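In this text, all values refer to a predicted model and were calculated from it rather than measured experimentally. Proteins come first, then strands; the chains are lettered A, B, ... in the order of their sequence lines, and each starts at number 1.
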Amino acid sequence: MRWGLTGAAVAFLGLMLILPLVVVFATAFSKGWSGFSAGLADSDSFAAVKLTLIAAVISVPLNIIFGLAAAWAIAKFEFRGKSLLITVIDLPFSVSPIIAGMLFVLLFGAQGWLGDWLAARNMRIIFAVPGIVLATVFVTVPFVARELIPLMQAQGREEEEAALSLGAGGWQAFFRVTIPNIKWALVYGVILCNARALGEFGAVSVVSGHIQGVTNTMPLQIEVLYNEYKFVPAFAMASLLVLMALLTLVLKHWIEWRSARSLAQIGSGPDRAIAPPR
Amino acid sequence: MDAQFKSGRLLTLTVLAALLPCSIAPVSAQVTLLNVSYDPTREFYEEFNAKFAEYWKSKTGATVEIRQSHGGSGKQARAVIDGLEADVVTLALAYDIDAIADNSRLLPTDWQKRLPHNSSPYTSTIVFVVRKGNPKNIKDWNDLVKPGISVITPNPKTSGGARWNYLAAWGYALRHNNNEESKAREFVAGLFKNVPVLDTGARGSTTTFAQRGIGDVFISWENEALLILKEFGADKFEIVAPSLSILAEPPVALVDKIADKHGTREVAQAYLEYLYSDVGQSLAVKHYYRPRNAAWINQAESPFSKLELFTLDEMFGNWRKAQQAHFSEGGVFDQISVKNK
Amino acid sequence: MSRAKKNNVLPGFGLTCGYTLTYLGLVVLIPLATLFLRTASLTWEQFWTTVTGDRALFAYKLTIGASMIAALVNAVFGLLTAWVLVRYRFPGRGILDALVDLPFALPTAVAGISLCALYAPGGWVGALLQRFGVQAAYAPLGIVIAMVFVSLPFVVRTVQPVLADLDQEVEEAAASLGARRWQTLRRVVFPAVLPSLLTGLALAFGRSLGEFGSIVFISGNMPGRTEIASLLILTRLEEFDYAGATAIAVVMLGLSFAMIFVINVLQAWSRRGAD
C-alpha cells in the first residue's frame, strides 16, 4: 500500500516534471559543452539576458513595495470592499497573458487611447523597454502581496499595538516588529515574483516588437532561436532559465528551513500560510 | 513623525516610480534603420544588411545600422499599426502592407506601384516537402486530398505563408475544374480535412513536420523547403514540385511617415532599391529566393524547381479581394473549418 | 476609512490603502478599463454574435473542459503526492518536494517546447502512448497535459500543510476504536483536507483557464478541435479585429474574475475551518 502510493506519486511527478527537465538539458548538451557555450555567446542572446534582468530589477522592487502596502492595509484594518480588493490583486494571475499584453497595446499603441498624446511627445512605451517592464509588472502584481496577506492576517496586530503603546513610531513598529515577523514570507514572495518576471512570455511577446538585440527578452530569444532551427542554443538558453528556477527552489527550501528554525526558537506556533505560492 | 507629510511624499514618489519607465526616444548621431520583416527572411537580411552597410559607407561615408524584427507577417503588420516604428517593412504578402496603409495611413495606398515588379524584389513559390523516397508517392495537389494522407501547413489566419499555400491549392482546383468555385471549395476543404496540426507560423510547422515527425507532406515556401533540406539533411527529406503553383510575391515598402520622422527616407529608399541590385539579387538566390532576373533561375545549377506558375492577380484579382473572400472573419476558410470539425 | 480608524491605533491606513489603490489603478485597473471601453465600440448585437460564434463557443468549451479535467487530475494526484510527501520517508523525497514548485518557476514557453518534444508521437512518452493508440500532443489530451503541468503545484501546496498539521493521534485513535483504514481516511482525514483541496482545485482551474505559452506548442491549434480561447483572441488580433478580440477577452476576464472570487470565498472558509 505504502510503496504503491509512493510509486504512483513518483511516477506522476516523473512523467510531468522530471522528464521535461531532462529533455531541456539533454538537448542543450547534445553537442557537448562547446555547443552549449557557443549557443550563449551570441550578442543578441546577451542583450536578451540583459533586458530580462532589467525588467526583473525594475518590476520586483515595485511589487515588493506594493505587496507590503497592500498587505498592511488588508491585514491590519477592516474596511468595506476588502474582498473585492483582494480579487483585483489576484486578477493578473489568471488573466491570459495575451489579454494582459493586449491591454497595454490598447492603452499605449498608436491606435490606443494614449497613442496620439505619446506620439506628439515622441515617447515610446510599447515596442520598447518601458512596455516590457509594464507587462512584467502587470503579471507579477499578485506574488508578494499574496504571500504576505494570509500570514499578516494570521499574525494579527497585537505586536505592533504593543510597540506603539511603548512609544514607538509607526515606521519603527513596521521595521522593528512587522518586517522581522514576515521576512521569510517576504523573501519567498520576492523569489516567486522574480521567477515569474524572468520567465514571462505571452504578455511580453505582444508588446515587444521583437527587435533583435533591443526588445527581445530571454523567453522571446528562445523562441527566435527555436524558429531559426538553432535548437541547441535555444535549449541552452532555456536551461539557463531552468537553472534559475532550480536555484529558486533551493533558495526557497533553505528559507523554509530557516523560518522553521526561527519559529522554533521563538516558540510561537507555526503560522504557515495556507495560501500557496503563486 | 508627520504621517500626513510622509504619506504624501511617498505617494508622489510612487507615481514617479510608476511613470519612470516612460523613456524618451534617444537621438543618436548614427543612422539606424528598423526593418520589420517576417519569419523566414532572418538569414537573408542578416547578410544583406552587412552588404548594404558596406555599400552605403563607400557611397556616402555615413554609417548605417540596420535592426531587424522578425515574426509572423500579420503580427508584424499589426505591430507597425500599433506603433512599432519601422522605417521599412518587408513582409510575406501585399495584404499585410495594405492593412498598414488602411489602418494607420503611414504610407499611401498605392505603395505597391512605387518599386519595380509589384514592389517584390524577390519571389518564391509553394512546393511540397515529403519524407525521403516519397513513401506516399505524392506528385501533385490532387494527391493531398486523398484519404490517409496527412498534410502539414500553418494556419492561414495567422501565417502569411499559409495563405499562399491555400491560394495555390485553390488556384490549382479552379484550373482543373473549369473555374468552378464550388469544386475549388470542395477541394480545399478536403485538403484541410487531412491537416492534423495548424501551427501559428511557418517555422512552427517546419518543426512539427521535420522535428516531431508528424505528417506525410509539408506545404511550404520553396525557399523554406530548400532550407529544410540544408538544415535537416537532404538524406531525410525531398522536394516535390506540383504541376502548377502560385508566384508568391513578398513585397517591400518604405513607411513614409516613420522614415520622415526619423529623417531616414533617403537611406531607407536606397536600402530597398539595393535589393534589386546584382548584390541583392545574388544574395536572394543564395537564400533560395527566386530573383527577378530570370537568367538566374535558368542556370544549370539553379536549385529552383521548374513548374508552371500563376500570379495572384490573374486568379483572384488582388490581395484585398482574396483576403476578403477567403480569410476574413466568416470567410471561406472559416466556413471550411467549421464544416470539417 | 474613519470606521477603520475608530477601533485601531495602528497608523498608515491612509498611506497604504491609498498607495495600494493608486498602484492597482495605474497598473491593473486603467489597462482593464480600456478593454471594456474598446468592447463598448460594438453594438450589443455585434458583441453577442462575436462572443457566441461557433468557434468562440467551442473555444470556451474546450478551455473550460480541459481546465476542469486538468484540475481534477491534479486534485487526485496532488492529494496523493501531498500524502506521500508528508507521511512517508523515502530516498529522494526532499528533491521531489522541491521539484513540485518547478512549474511556478519555469517559463511556460520552455515547458511547452519540452512537453511537446516528450509527448509528440516521436517523443519518448508519445511513442509509447502511440502504441496503445493514444495521441497526446496535437490533441485535446495535449492541452490537458500542459494545463496539468502549469497548475500542478496548487493542490499539493494547499493540502500539504493541512495534512502536516493533522494530528496523527486522531487517526490512531480512530484505528484503535476499530475503524478500518479507509474508514479512517474517509471519516477523519478527508473532511479535514476537503476545504484546502477545493481551494487547490479552484486555483488549478483558474490558472489553467489563463494558460497560453505552453499550450500553443503542444495543442495543434485546429479551429473547432484544439483551439483554446487565448489563441482565438490572438487570431482576432492578427485579423486587425480589435473589437472582436476584446469582446472574447471580456468573456474570459469575466470567467477569471468569477473564478478568483470563488477561490477567495473558499479560502475564507478553509481559514475558518482551520481556526
Of all residues at least two apart in sequence or in a different chain, which pass the side-chain contact (heavy atoms from CB on, under 4.5 Å) check with A/Phe29?
A/Phe25, A/Trp33, A/Phe36

If I take atom CD1 from residue A/Ile211 and atom CG from residue B/Leu34, how far apart are they, to the nearest 0.5 angstrom?
5.0 Å

Around atom CD of B/Glu238, are there more than 12 heavy atoms from other residues, nucleotides or ligands closer than 6.0 Å?
yes

Do the numbers put B/Arg203 on top of the ring of A/Tyr229, so that NZ or CZ is under 6.0 Å from the six-membered ring centre and no more than 45° off the axis?
yes

Verify the neighbour count for atom NZ of B/Lys230: are there more than 12 heavy atoms of other residues, nucleotides or ligands below 6.0 Å?
no

Yes or no on side chain to side chain contact (heavy atoms under 4.5 Å, CB included) for A/His210 and B/Val36, after CA distance, side-chain angles and deciding distance?
CA-CA 9 Å; A/His210 303 277; B/Val36 170; over 6 Å; no

For chain B, which of A/Pro61, A/Gly213, A/Ala119, A/Ser205 has the most heavy-atom pairs under 4.5 Å?
A/Ser205

Interchain contact, A/Val214 with chain B, by part (heavy-atom threshold 4.5 Å):
side chain

If I measure from the heavy atoms of chain A, does B/Asn35 come under 4.5 Å with its side chain, its backbone, both, or neither?
neither

Has B/Lys261 got more than 12 heavy atoms of other residues, nucleotides or ligands less than 6.0 Å from its NZ?
yes

Using 0.5 Å steps for rounding, measure from the CZ atom of B/Arg67 to the CD atom of A/Gln212.
11.5 Å

Spacing of OG1 belonging to B/Thr207 relative to CZ belonging to A/Phe231, to within rounding of 0.5 Å
4.5 Å

Going by residue number, which parts of residues 107-118 of chain A are within reach of chain B, meaning a heavy-atom gap below 4.5 Å?
A/Gly109, A/Ala110, A/Gln111

For the candidates B/Gln211, B/Glu43, B/Gln76, B/Arg78, which exhibits the highest count of non-hydrogen atom pairs separated by less than 4.5 Å from chain A?
B/Gln211

Take atom CD in B/Glu46; do more than 12 heavy atoms of anything else shown fall under 6.0 Å from it?
no

Run the side chain to side chain contact (heavy atoms under 4.5 Å, CB included) test on A/Asn227 and B/His70 for me, step by step, so that the C-alpha distance in whole Å, both residues' side-chain angles and the decisive distance to 0.1 Å come before the verdict.
CA-CA 10 Å; A/Asn227 277 342; B/His70 295 277; over 6 Å; no

